[in-house]
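Residue numbers start from 1 in every chain, and the chains themselves are labelled A, B, ... in the order their sequence lines are given, proteins ahead of strands.
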Amino acid sequence: MIQYMNPSGHYRINRKLKEQRALFVANKSMTYFFLFVMAFIVIVPFYWMLNVSFQSSNEVLNSLNTSLFPKEFSPQNYVSTFLYSSAQQGGITFTRYLSNTLIVAVFSTVGGTFFSILVAFALARLNFKGKELIFTILLATMMIPGEMLIISNYITVSRLGWVNDDGVGSFLAMIIPFFISIFHIYLLRQTFKQIPNELYYAAKVDGCKDFKYLRTVMVPMAKSSIITIVILKLMGAWNAYIWPDIVANEKYKLVTTWLRSSFTDQDATGVGRVLINYQMAATVIVTVPLLLMFIFFRKYIMSGISRSGVKG
Amino acid sequence: MLENKIDRKAWFYLAFPLLLLSVFTFYPLVKTILISIFSQYNPMTDTFGAYLDLAAYGAIFNDPYFITAIGNTMILVFISVPVSTGLALLIAVALNSIKPLQKIFQTIFFLPYVTNGLAIGMVFSVMFSHPLTDGLMAEGLINTLFGLSRDWVGVTATRSDWMFVVLVYSIWDGLPFKILVFIGGLQNISKQYYDAAKIDATPKRRILRHITIPLLSPLISYILITSFIGAFKSYESVLAVAGSTGRLLDRNRWTAVAYVYDKIGNVGLDGNFVSYYSRGAASAVILFIIILIFTFINLNISKKRVHY
Amino acid sequence: MKKVFLLFLALTAAVSLAACGGERTGNDAARLVEWYELSADADLDPNQEITITFWHRMGAQSQALVQKWIEEFEAVYPNITVIEEKAAGDYTALSDKIALAIPAGNQPDIAESYPDHIARYAAAKAPLALNNFINNPNIGLTQDEIADFLPGLWAEGQSYDDEGTILSLPFTKSSEAFFYNETYFNEHGYSVPTTWDEVFAIAEDIKLREPDSFPFGYDSEDNLFITGSKQFNAPYTGYNAETGRGEVQFNNDLSKDMVRYFKDKVDKGLMITRALNGDAYNSDSMKVENPKTYMYVGSTGGTRYAYVGMPQSVFDGGYRVGVAPLPGFTADARFQIQQGPNINLFKSNDEQRMIAAWLFAKFMLEPERTAEFSIPSGYAPIRYSAYETTRWTNYVNSINENPSTIDEAVAKLVKEAIEIFLENEDIFFTSAVFNQSSKTRSEVGALLVKILAYDAASNAELDAYIDEQYQESFDFITN
């Protein structure tokens, strides 16, 4: 500020401050404008889901219709959806699909997260022969298109007796094959690597065992990434379709099956048109818990790592 | 000295996950490679057949649609990933810098991740639709807004048109996850750094370049590498946007994975007595090699640029 | 990593040296699947407990019916337990699931299927050839019973090779039909067309009156190509004289003429298809306040949509729909495609299981039952005697010939669409089924759309385009 101390010093400072404030406001407005535009773009499909879900069956069965707003506002769709789908799926109700999905989601998330933490810790912090090789091989498993895995895994899973099993086997088949995800392990490894080595060595010097260190220091510090992974895994289980549909017995299928095959026009021969208004209502019903979960967990993700352990 | 200690118990941490991965991911990969070199593999009986040679590879390199597919995939990868990542970074930074409405925006930007694919496909087709015959249906939203009459994704669409729509979709689809990761990372960056920068009246752009990005580099590298790998495997996105309803994707619009899926869905032998399935496996292996090489390059660049 | 890469290179070199293994062949036998040898005195062993599985994709209504049939069947054969399962939501998913189950060894004993699926299963020789079961003196079908099946439908079960191997039985059938605005036709004195030329003569007349309309619509382009080929006598797919296997044959001039015929009509604005109309159904353009279409060819599976979803005011204004078989190229060259699922059996190590499965299949196809299945679902019964059962005649009598509500009109139209099967048994045809048949089908549909959508400046340019696209499609399928 020394350069501004001249006879007309005050005047200059005011101008600079005014400029800064104007820049600040301009910056903020541009930021807001940018965010509003992006938000609008992002929200359109969601709006469309709601739009179609409130249209009446008559509107929807006319394939020439693409109205931006329901002509016959039908909130009763949200109730009819449940009744309709039971008629399509025989004895399997929505609650059944829901509970199946919750079981799969909870187990794959808890188990998957637990193992992700262990593997990420090993890759980030521990020293062992072949660490780089293992990491590369793990990455390589991401490079195969899904369909090629399905065929081999189906045979494996079937040899284990889990396919189409009227019992626990169906759940095992849906959960076990894909619950280790290098995609999540990698994220966690990056986060773990950012936690300074000093903490680790200090703990070691104090005689702290690795696992205790992991549990008491690293996990709390990496909380935001771990929660991100939990959300991603939950969503993955929630949206999984192809694999569960193939291996599970009809009574154990998931909510995604419910979404896709319960809304064909019942009265039509065999392959009728899909009642997309019910299907969209069903989609909204299924999406809302995910949104709520995000809103609930949001502040944990955003809380970040506390850096209280290290000075400077 | 502690740095050099070998942790044998690392294997305890790794044993069970590695076992699962070997059975359910590694073994199928090896099997795919084997299938690609047994060129009369029969998927219905799971037998390898008598011919051990590279005929399947020869067949796909002679197939113009394979080359097209790889080309389409490359365009998709090299445009959508950098743009999506850059955009996500900007949005995350912008989100981080505002106080009011922040929570609402964060929720909104997460919406594409929870919006069901069925709905999205519908939206895109409504927005970009174009009636091939005049007079019956109205033009889609985009055409109406801009007063155009283009066939964006229909039968007569040009490559640049449908590729554009696919890119828009891919970029849009990839945003929420990236934004989520970046926001998490931004929160980690200690306020100390930003405060110091503010005292020095550092302009925003310099803050971005010299503080934010380096501190976020582990996450940026993660996002780039995983997004590139994911983009090489693009298929559903193209199918949803540029496929015709109820029909398969036009073969000029195939991505590498679309090619693989088409081939493994066919039964029996092709005109040269090579099993279609083996051809599919061969193309999957080629794709795998491309991704592997590319990821290596990426990892090497990361080693230099990433600061933990 | 370098080591792995070098290893891979070495392997590649070694393998390519070892290659060039002489003649590559396909090893095709004359019969797609060898006929299972069932001895003449084979019969069900009443003392052996047998369990068989039936995979399908029916909705709850039809599934409940099957469950009732199972109870009836198990009463007759107490040692057999039948387990039915809705294995998938649609036919493609069902076929995929079975295709996965076969190499793993968990395929069902009976499944709903389409002919193309069976070509796939046959790559593992999994489907059961039924010839010896049908001819078996104890448990087979009598000549009269075989003749009772609608001939076109029965023939579909033999479309897999040139030797008459029967790999599937018709279950319930649908087809396409010509739907027209009966009220409008009566108003303007049009008679129901029997040939394409008649259709377009009517269309031209309508076009004069309503220049913005597209008087005739055809929903499915795939079917248009295949049906058109059959009617114009243009080869589409057929059996190779040497190998006895199906092959692709559509790359010929007759076929191109057929396409040119329809292209001409599309260019004149007389005709439209779904793909050219934003994938909208033609019925939706016909049943509105200001119709743009007055006649269309659509699936009988979608008969109800000729009315459902329409504004009540238009219905009250007298809108009624009539249905007729498809027009032909000439009045005697009327052919139309048959659709709808079949059932097929799978080979098993236990002969008793196969016998039990066969008995259940036979049970489901008895006239009473096929009538019972059809009535609520709108499919057509597959046997003549089904149309004479009390159940069926009661159904027919319950239809109101002068419908006053939309539901009654739908019921009447559905009945009429089904009766097309009864009254026109020899117009139904099937195409050869082989490895590439399903790929060929979707490919010719896409080919047709491309040609119809093409904007040519001159006839010569159009011809060149057609030749080029045909060749590309043909090469794609056969390579």
Sort out for me which of [options] touches chain B most, counting heavy-atom pairs under 4.5 Å.
{"options": "A/Leu187, A/Ile180, A/Ile41, A/Val44", "value": "A/Leu187"}
{"options": "A/Val52, A/Ile176, A/Val157, A/Leu232", "value": "A/Leu232"}
{"options": "A/Val288, A/Leu290, A/Val119", "value": "A/Val119"}

At a 4.5 Å cut-off on heavy atoms, which part of [X] comes close to chain B: side chain, backbone, both, or neither?
{"X": "A/Thr156", "value": "side chain"}
{"X": "A/Phe183", "value": "both"}
{"X": "A/Ile151", "value": "side chain"}
{"X": "A/Ile155", "value": "side chain"}
{"X": "A/Phe211", "value": "both"}
{"X": "A/Leu214", "value": "side chain"}

Checking heavy atoms, do the side chain of [X], its backbone, both or neither come under 4.5 Å from chain A?
{"X": "B/Phe177", "value": "side chain"}
{"X": "B/Ile229", "value": "side chain"}
{"X": "B/Val181", "value": "side chain"}
{"X": "B/Tyr277", "value": "side chain"}
{"X": "B/Asn96", "value": "neither"}
{"X": "B/Ile264", "value": "side chain"}
{"X": "B/Ile225", "value": "side chain"}

Under 4.5 Å between any side-chain heavy atoms of [X] and [Y], yes or no?
{"X": "A/Ile231", "Y": "B/Phe110", "result": "yes"}
{"X": "A/Phe34", "Y": "B/Leu90", "result": "yes"}
{"X": "A/Gln194", "Y": "B/Leu215", "result": "no"}
{"X": "A/Tyr186", "Y": "B/Ser221", "result": "yes"}
{"X": "B/Tyr261", "Y": "A/Pro145", "result": "yes"}
{"X": "B/Leu18", "Y": "A/Ile134", "result": "yes"}
{"X": "B/Leu20", "Y": "A/Phe115", "result": "no"}
{"X": "A/Leu118", "Y": "B/Pro17", "result": "no"}

Out of curiosity, [X] [atom1] to [Y] [atom2], how far, rounded to the nearest 0.5 Å?
{"X": "B/Tyr222", "Y": "A/Gln190", "atom1": "OH", "atom2": "CD", "result": "8.5 Å"}
{"X": "A/Leu123", "Y": "B/Tyr13", "atom1": "CG", "atom2": "OH", "result": "12.5 Å"}
{"X": "B/Leu287", "Y": "A/Met148", "atom1": "CG", "atom2": "CE", "result": "11.0 Å"}
{"X": "B/Phe26", "Y": "A/Leu138", "atom1": "CZ", "atom2": "CG", "result": "9.5 Å"}
{"X": "A/Ile295", "Y": "B/Thr107", "atom1": "CD1", "atom2": "OG1", "result": "5.0 Å"}
{"X": "A/Leu126", "Y": "B/Phe12", "atom1": "CG", "atom2": "CZ", "result": "12.5 Å"}

> Between B/Leu219, B/Leu87, B/Val93, which has the largest tally of heavy atom pairs under 4.5 Å with chain A?
Replying inline: B/Leu87
Are the ring centres of [X] and [Y] closer than 6.0 Å?
{"X": "B/Phe105", "Y": "A/Phe36", "value": "yes"}
{"X": "A/Phe178", "Y": "B/Phe24", "value": "no"}
{"X": "B/Phe109", "Y": "A/Phe294", "value": "no"}

> Can you list the steps and then say if B/Leu299 with A/Leu139 is a side-chain contact (heavy atoms from CB on, under 4.5 Å)?
Replying inline: CA-CA 11 Å; B/Leu299 279 174; A/Leu139 264 190; 3.9 Å; yes
> Checking side-chain contact (heavy atoms from CB on, under 4.5 Å) for the pair A/Leu149/B/Leu29: CA distance, chi angles, key distance, verdict?
Replying inline: CA-CA 7 Å; A/Leu149 300 180; B/Leu29 171 60; 5.9 Å; no
>> Treating B/Lys233 as the side-chain partner and A/Met142 as the backbone partner, does any N or O pair qualify as donor plus acceptor under 3.5 Å?
In response: yes
> Which is it for A/Met235 and B/Tyr113 under the side-chain contact (heavy atoms from CB on, under 4.5 Å) test, yes or no, and what are the steps along the way?
Replying inline: CA-CA 9 Å; A/Met235 291 201 47; B/Tyr113 209 62; 3.4 Å; yes
> So B/Leu180 and A/Thr228, side-chain contact (heavy atoms from CB on, under 4.5 Å) or not? Walk me through it.
Replying inline: CA-CA 8 Å; B/Leu180 184 66; A/Thr228 307; 3.7 Å; yes
